[in-house]
Q: 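First, the structure itself, so that you have it in front of you.
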Amino acid sequence: MIIRSIHNSLQKDFFRGKAIIIMGPRQSGKTTLINHLLHDRKYIRFNGDEADVRNILSGTTSASLRALIGSHKMVFIDEAQRIKNIGITLKLFTDEIPHVQVVATGSSALDLASEVNEPLTGRKYEYHLYPLSFKEMVNHHGLLEEKRQLAQRLIFGYYPEIVSHPPDQLRNLKDLADSYLYKDLLSLETIKKPALLEKILKAIALQVGHEVSFHEVGQLVGADYATVEKYVDLLEKAYVLFSLPALSRNVRNEIKKGRKIYFYDNGIRNAVIGNFQPITSRTDIGALWENFLISERMKKVAYDRMYAAKYFWRTTQQQEIDYLEEVNQEFYAFEMKWNPKAKAKFSKTFLNAYPVISSQVVNQDNYQDFLL
């Protein structure tokens, strides 16, 4: 069992009078985590993928819920985003059956977040669970062993099934990408062209590390700006992608509305473009390295509850900083370089315009400091 970063916090939040909501991509380990936490407790589990469960838990009453759970003190609702009016059902648990702890998981922020936010205002603890992280794996088998796995992680990523079964990683990753990427999205009426979704995703995968123009992506795949924007928004809410906005405040020639887009997992990115060649044969190692570092840092920021705003910075003269964190109106600047011998100069324009606490080049020699 690989202990997840949110394990202890979750345990401490049991029986504090609020519902616990865990969101994250499919196959990221949500069910495994909850089953492990509850293994020595008496609990009842409902799976929102099952039609009869959806019927029972949609539009129910507190009396019906009491009869349904019997003497159980803990209730686990898996794939809760599939259940209509799940927010009202969870509210009934917290308000009318307060001695019972309810835990709900979901793989689509689009559905679950919108369902629970209003009914559960002040009544929930919310967590996100991502694929396994560098820090979790270091805690599991040590820093030296995890650093030895770097080439593997850059190509195949951190999904639990991929990490746990290396001999089957290629087959499992392809299956995971095909089913996980589209299962939630293709159930939406707004996604009318699955082939277009795949084209957009591939176009973005080939632009990792670069500023993404929805207009240019649209021209490439034969869609308008609004369609590309809508599909990317849905891919973010399904935990496939996340965006890094451009910082623009003090310098006249800063780009105003740019964004970089990254994948939550390197393995999924490589599956989208169909390239699993080893890093020694890759021409896109810089993009792999940047996606790996920024996605892993994103997990660290979330799990450590660091209140940092995240950006990249660029001017029309092509001055650029890969990654910035703003904490208390002060900045930490990072440049990502795969080659430890590569030099990086931090723009004096940026350093003079903003209060910068530190600037650091992140490479193979020191990346553990950035991620731990």
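Just so you know, residue 1 is the first one in the sequence shown, and it goes up from there.
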Q: For Lys84, is the NZ atom crowded, meaning more than 12 foreign heavy atoms sit under 6.0 Å from it?
A: no

Q: If you measure only the distance, is there a donor-acceptor pair under 3.5 Å linking the side chains of Gln319 and Thr349?
A: yes

Q: Is the shortest distance from a Lys or Arg side-chain nitrogen in Lys18 or Asp13 to a carboxylate oxygen in the other one below 4.0 Å?
A: no

Q: I'd like to know if Arg4 and Glu136 make a salt bridge, using a cut-off of under 4.0 Å between side-chain N and carboxylate O.
A: yes

Q: Should Ile56 and Ile44 be regarded as members of a common hydrophobic cluster, given that ILVMFWY residues are connected when their side-chain heavy atoms come within less than 4.5 Å of each other, either directly or indirectly?
A: yes

Q: I'd like to know if Asp265 pairs up with Arg269 as an ion pair, taking the criterion as any Lys NZ or Arg NE/NH1/NH2 lying under 4.0 Å from an Asp or Glu carboxylate oxygen.
A: no

Q: Would one find more than 12 heavy atoms of other residues, nucleotides or ligands at under 6.0 Å from atom CZ of Arg16?
A: yes

Q: A quick test of your reading: do over 12 heavy atoms of other residues, nucleotides or ligands sit less than 6.0 Å from NZ of Lys174?
A: no

Q: Taking C-beta and beyond as the side chain, do Arg297 and Glu325 meet within less than 4.5 Å on heavy atoms?
A: yes

Q: For His141, does the NE2 atom have more than 12 heavy-atom neighbours from other residues, nucleotides or ligands under 6.0 Å away?
A: yes

Q: Determine, using the 4.5 Å side-chain heavy-atom cutoff (strictly less than), whether Val208 and Leu324 are members of one ILVMFWY cluster.
A: no

Q: Should the pair Phe242 and Tyr264 be assigned to parallel (<30°), tilted (30 to 60°) or perpendicular (>60°) ring geometry?
A: tilted

Q: Measure from the side-chain N and O atoms of Arg54 to the backbone N and O of Asp49, and report whether any donor-acceptor pair falls under 3.5 Å.
A: yes

Q: So, taking the atom named CG in Leu220 and the one named CD1 in Ile200, what distance separates them when rounded to the nearest 0.5 Å?
A: 10.0 Å

Q: Side chains of Glu236 and Ser243: closer than 4.5 Å at any heavy-atom pair?
A: yes

Q: Rounded to the nearest 0.5 Å, how far does CG of Leu143 lie from CG of Leu371?
A: 10.5 Å

Q: Apply side-chain contact (heavy atoms from CB on, under 4.5 Å) to Arg123 and list each qualifying residue two or more places apart in sequence or on a separate chain.
A: Lys91, Thr94, Asp95, Leu120

Q: Does one side chain, of Glu320 or Trp313, offer a donor that lies under 3.5 Å from an acceptor on the other?
A: no

Q: Indicate the ring-plane relationship of His7 and His36, choosing parallel, tilted or perpendicular according to the 30° and 60° boundaries.
A: tilted

Q: Examine Leu351 and Ile357 and state if one hydrophobic cluster contains both, with Ile, Leu, Val, Met, Phe, Trp and Tyr joined whenever side-chain heavy atoms are less than 4.5 Å apart.
A: no

Q: Of all heavy-atom pairs between Arg153 and Phe292, which one has the smallest distance, and what is that distance?
A: CB-CE1, 4.1 Å

Q: Should Met336 and Phe346 be counted in the same cluster of Ile, Leu, Val, Met, Phe, Trp and Tyr side chains packed under 4.5 Å apart?
A: no

Q: Indicate whether any N or O donor in one side chain lies under 3.5 Å from an N or O acceptor in the other, for Thr31 and Asp78.
A: yes

Q: Identify the heavy atoms of Gln207 and Val217 that sit nearest to each other, and give their distance.
A: NE2-CG2, 3.7 Å

Q: Looking only at atom types and distance, does a side-chain atom of His165 sit under 3.5 Å from a main-chain N or O of Ile162, one as donor and one as acceptor?
A: no

Q: Around atom CD of Gln11, are there more than 12 heavy atoms of other residues, nucleotides or ligands at under 6.0 Å?
A: yes

Q: Indicate the atoms forming the closest heavy-atom contact of Lys42 with Ser71, along with that distance.
A: NZ-OG, 2.6 Å

Q: How long is the gap from OG on Ser295 to NZ on Lys300, to the nearest 0.5 Å?
A: 14.5 Å

Q: May I ask you to check whether over 12 heavy atoms, not counting those of Asn328, lie within 6.0 Å of atom CG?
A: no

Q: May I ask you to decide if Lys341's main-chain N or O and Asn339's side chain share a donor-acceptor pair within less than 3.5 Å?
A: yes

Q: For residues Met298 and Val301, determine if any side-chain heavy atom of one lies less than 4.5 Å from a side-chain heavy atom of the other.
A: no

Q: Are any of the side-chain nitrogens in Glu326 or Lys310 under 4.0 Å away from the carboxylate oxygens of its partner?
A: no

Q: Could you tell me whether the side chain of Val221 reaches within less than 4.5 Å of the side chain of Thr227, counting heavy atoms only?
A: no

Q: State, yes or no, whether a side-chain contact exists between Tyr354 and Arg249 at a heavy-atom distance under 4.5 Å.
A: yes

Q: Roughly how far apart are Phe156 CZ and Asn172 CG, rounded to 0.5 Å?
A: 11.0 Å

Q: What is the distance from atom CD1 of Ile155 to atom CG of Leu288, rounded to the nearest 0.5 Å?
A: 5.0 Å

Q: Dump the intermediate steps for salt bridge (Lys or Arg N to Asp or Glu O under 4.0 Å) on Lys135 and Asp304, then the final yes or no.
A: CA-CA 11 Å; Lys135 186 174 183 178; Asp304 292 355; 3.3 Å; yes

Q: Side chains of Leu150 and Phe134: closer than 4.5 Å at any heavy-atom pair?
A: no

Q: To the nearest 0.5 angstrom, please state how far the CZ atom of Arg171 sits from the CG atom of Leu176.
A: 13.5 Å

Q: Which heavy atom in Arg41 sits nearest to a heavy atom in Met74, and how many Å separate them?
A: CD-SD, 3.2 Å

Q: Does Phe76 have its ring centroid less than 6.0 Å away from the ring centroid of Phe46?
A: no

Q: Determine whether the aromatic ring centres of residues Tyr332 and Tyr323 are separated by less than 6.0 angstrom.
A: no

Q: Does a donor on one side chain and an acceptor on the other come within less than 3.5 Å for Asn270 and Arg282?
A: yes

Q: Minimum heavy-atom separation for Gln364 and Lys147, please, with both atom names.
A: O-NZ, 3.8 Å

Q: Does atom NE2 (His140) have a neighbourhood of more than 12 heavy atoms from anything else shown, all under 6.0 Å?
A: yes

Q: Spell out, yes or no, whether Ile279 and Tyr262 are grouped together once hydrophobic residues are joined by side-chain heavy atoms under 4.5 Å, including indirect joins.
A: yes

Q: Does atom CZ of Arg305 have more than 12 heavy-atom neighbours from other groups under 6.0 Å away?
A: no

Q: Do the side chains of Glu290 and Lys260 get close enough for a salt bridge, i.e. N-O under 4.0 angstrom?
A: yes

Q: Search all heavy atoms of Pro160 against all heavy atoms of Gln27 and return the closest pair with its distance.
A: CD-O, 3.3 Å

Q: Side chains of Leu10 and Tyr125, heavy atoms from C-beta outward: is any pair under 4.5 Å?
A: no

Q: Do Asn291 and Asn266 meet the criterion of a side-chain donor-acceptor pair at a distance under 3.5 Å?
A: yes

Q: Give me the ring orientation class for Tyr130 and Tyr239: parallel if the planes are under 30° apart, tilted from 30 to 60°, perpendicular past 60°.
A: perpendicular

Q: Which residues, ordered by chain and number, are linked to Tyr307 in its hydrophobic cluster, where ILVMFWY side chains connect at heavy-atom gaps below 4.5 Å, directly or through other members?
A: none

Q: Could you tell me whether Lys30 and Glu79 have a side-chain N and a carboxylate O separated by less than 4.0 Å?
A: no

Q: For residues Leu129 and Ile6, determine if any side-chain heavy atom of one lies less than 4.5 Å from a side-chain heavy atom of the other.
A: yes

Q: Under 3.5 Å, side chain of Asn85 to main-chain N/O of Gly59, donor-acceptor pair present?
A: no

Q: Look at the aromatic rings of Trp338 and Trp289 and report parallel, tilted or perpendicular, splitting at 30° and 60°.
A: perpendicular

Q: Could you check whether any side-chain N or O of Ser58 sits under 3.5 Å from a backbone N or O of Asn55, counting only pairs where one atom can act as donor and the other as acceptor?
A: no

